[in-house]
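Here is the naming used below: chain letters follow the sequence lines, and residue numbers restart at 1 for every chain. From a predicted model like this one, the values you see are computed outputs, not experimental measurements.
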Protein chains: 2
Amino acid sequence: MATETIGQRMTAQRRLLLDIIRSANDHIDADGLYRQAKERDPRISLSTVYRNLSLLKDVGLIAERRLGEGHHHYEINVAPHHHHLVCVECGVVFEFESHFTEKMKAAVEEASQYVITNIEVNMQGHCRDCLEKSSQ
Amino acid sequence: MATETIGQRMTAQRRLLLDIIRSANDHIDADGLYRQAKERDPRISLSTVYRNLSLLKDVGLIAERRLGEGHHHYEINVAPHHHHLVCVECGVVFEFESHFTEKMKAAVEEASQYVITNIEVNMQGHCRDCLEKSSQ
DNA sequence: CCCTTATTGCAAATGCTTCCCAATAACAAT
DNA sequence: ATTGTTATTGGGAAGCATTTGCAATAAGGG
Ligand SMILES: [Mn+2]
Ligand SMILES: [Mn+2]
Ligand SMILES: [Zn+2]
Ligand SMILES: [Zn+2]
């Protein structure tokens, strides 16, 4: 488990949460993180989970995603930015990057006269597995 | 106010809500819709607002948007689809369409083997007005 | 080893949305 | 027009994700 500096105190809870998010290879939500954390530290509280998600997001270590459900999901923030395509049947997420987003940004900045700081592309569809299952 | 067929009963409340959404030229939220509706029908309930938003969305008459706040916004569903750029300072929304989304869809379908049914692009930034205010 | 204060656990509060249920009203069939 | 069926309503309670208040704890600089 990493010992690193974050600009804030590195508590056992914070280290644990960051560790779980790091080793999770999917997009985890607050409740899933809470449940996994409780297995290793039964006294950890849900407030602590939310507070640390907020802090780790502000610090830039993790990214918060809205994947179409009523709650957020989180993942380690890796460069370059990527986007998400979610299967509406099974929830499996396909991640992608696209050079079209840069072109789109330029065109929209030109048209709007805004300074754009963030772009988020969310797609929904049906994954191959679900397509095959429903065609049988 | 329109008399039209929706596949469901056209109640006075439903007609009123649809009418307000139609004449609103911005992205309205449930609470704003409720407040405007109460001015014309003080007995209308918030449940009715939510139920009708859900129904009008299912029927395809309105579109639900997530613009980065903790609640949804709604607008009349006009073709072609468009996307949103929100000023993080004042909330003003710039709407745009882009042919890059079609190209991106094709590329991502190819890479993922998904069948994509929906694309949503959300951008954040600073509008011209806010930029000018902060540079003074 | 202290001292300061960021952080925690717990519980209560919040904001948005959905659900329940008895009363009402749409509208299709008579 | 009158009726019967049942979708829809109002009101309130419940649900879910998230935030907040507060007293107790602990990180980590000096
Ligand atoms: Mn989830
Ligand atoms: Mn709003
Ligand atoms: Zn699937
Ligand atoms: Zn602005």
Side-chain angles (χ1 to χ4, degrees), chain A residues 1-21 27-59 61-75 91, chain B residues 1-21 27-59 61-75 91:
Chain A
M1 211 184 307
T3 19
E4 63 188 286
T5 173
I6 240 183
Q8 305 292 22
R9 294 179 184 176
M10 182 52 66
T11 65
Q13 294 92 329
R14 188 162 291 165
R15 191 172 8 249
L16 171 58
L17 293 170
L18 190 49
D19 192 53
I20 294 172
I21 301 173
H27 302 78
I28 197 170
D29 56 31
D31 188 63
L33 181 56
Y34 177 49
R35 275 204 291 252
Q36 285 197 51
K38 266 199 298 193
E39 287 175 17
R40 291 208 247 162
D41 173 4
R43 285 193 42 84
I44 199 169
S45 96
L46 186 54
S47 302
T48 297
V49 170
Y50 276 109
R51 276 187 295 239
N52 278 292
L53 283 173
S54 173
L55 181 141
L56 294 172
K57 178 181 35 154
D58 289 349
V59 159
L61 273 176
I62 65 175
E64 184 179 67
R65 311 290 183 197
R66 310 179 197 74
L67 300 178
E69 294 184 76
H71 54 266
H72 294 138
H73 290 85
Y74 301 85
E75 65 181 318
Chain B
M1 210 183 309
T3 15
E4 63 188 284
T5 174
I6 240 183
Q8 305 291 22
R9 294 179 183 174
M10 182 51 67
T11 65
Q13 294 92 330
R14 188 162 291 164
R15 194 174 3 253
L16 171 58
L17 293 170
L18 190 49
D19 192 53
I20 294 172
I21 301 173
H27 302 79
I28 197 169
D29 56 30
D31 188 63
L33 181 55
Y34 177 49
R35 275 205 290 254
Q36 285 197 51
K38 266 198 299 194
E39 286 174 18
R40 290 208 248 161
D41 173 4
R43 286 193 39 85
I44 199 168
S45 96
L46 186 55
S47 303
T48 297
V49 170
Y50 275 108
R51 275 187 299 239
N52 278 293
L53 283 174
S54 172
L55 181 140
L56 294 172
K57 176 180 36 152
D58 290 348
V59 159
L61 273 176
I62 65 176
E64 184 180 67
R65 311 289 183 196
R66 309 179 201 75
L67 299 178
E69 293 184 77
H71 54 267
H72 294 138
H73 290 84
Y74 301 85
E75 64 182 317

Q. Per the end-axis method with five pairs at each terminus, what is the bend angle of the helix from C/dC1-D/dG30 to C/dT30-D/dA1, to 10°?
A. 40°
(Q) Once hydrogens and angles are ignored, does a donor-acceptor distance under 3.5 Å link the base of D/dT6 to the side chain of B/Arg9? (A) yes
Q: Write down the distance between CZ (A/Arg14) and C1' (C/dT7), rounded to a whole number of angstrom.
A: 7 Å
**Q.** Derivation of the side-chain contact (heavy atoms from CB on, under 4.5 Å) call for B/Thr11 and B/Thr48
**A.** CA-CA 11 Å; B/Thr11 65; B/Thr48 297; over 6 Å; no
Q) Roughly how many Å is it from CG in B/Leu46 to P in D/dG10, rounded to a whole number? A) 11 Å
Q. Name the one of A/Glu69, A/His73, A/Arg65 that satisfies side chain to side chain contact (heavy atoms under 4.5 Å, CB included) with A/Asp29?
A. A/His73
Q | Contact summary for A/Ser45 and A/Tyr34, nearest pair of heavy atoms | A | C-CE1, 3.8 Å
Q. Rounding to a whole Å, what distance do you find between A/Ile44:CD1 and C/dT7:C1'?
A. 12 Å
Q) Is the base of C/dT17 touched by the side chain of B/Ser47 through a donor-acceptor pair closer than 3.5 angstrom? A) no
Q: Please check if the side chain of A/Asp41 supplies one atom and the backbone of A/Ala37 the other of a donor-acceptor pair under 3.5 Å.
A: no
Q.
Rounded to whole Å, how long is the line connecting atom CG of B/Leu67 with atom C1' of C/dC16?
A. 16 Å
(Q) What contact category does A/Arg51 fall into here, base, sugar-phosphate, or nothing, at under 4.0 angstrom with non-hydrogen atoms? (A) base
(Q) Output the rounded distance in Å from NE2 (B/His72) to C1' (C/dG15). (A) 13 Å
Q. Within this structure, what is the CG-to-C1' distance between A/Leu17 and C/dT8, rounded to whole angstrom?
A. 12 Å
Q: For A/Met10 and C/dT5, give me the distance from atom CE to atom P, rounded to whole Å.
A: 21 Å
Q | Side-chain N,O (A/Thr11) to OP1/OP2 (D/dA27) below 4.0 Å | A | no
Q | Any donor-acceptor pair under 3.5 Å from B/Arg14 side chain to B/Arg9 backbone | A | yes
Q | Under 3.5 Å donor-acceptor pair, B/Arg43 side-chain atoms to D/dG11 base atoms | A | no
Q | A/Tyr50 or A/Gln8, whichever maps to the more 5' nucleotide of DNA chain D | A | A/Tyr50
Q. In terms of ring plane angle, is the pair B/Tyr74 and B/His72 parallel, tilted or perpendicular, where the classes change at 30° and 60°?
A. perpendicular
Q) B/Gln13 side chain N/O closer than 4.0 Å to the phosphate oxygens (OP1, OP2) of D/dG10? A) yes
Q | Nearest-neighbour nucleotide for the B/His71 side chain, C/dG9, C/dC16, D/dT8 considered | A | C/dC16
Q) Between atom CG in B/Asn52 and atom C1' in D/dT8, what is the gap in whole Å? A) 9 Å
(Q) I'd like to know if B/Asp19 and B/Arg15 make a salt bridge, using a cut-off of under 4.0 Å between side-chain N and carboxylate O. (A) no
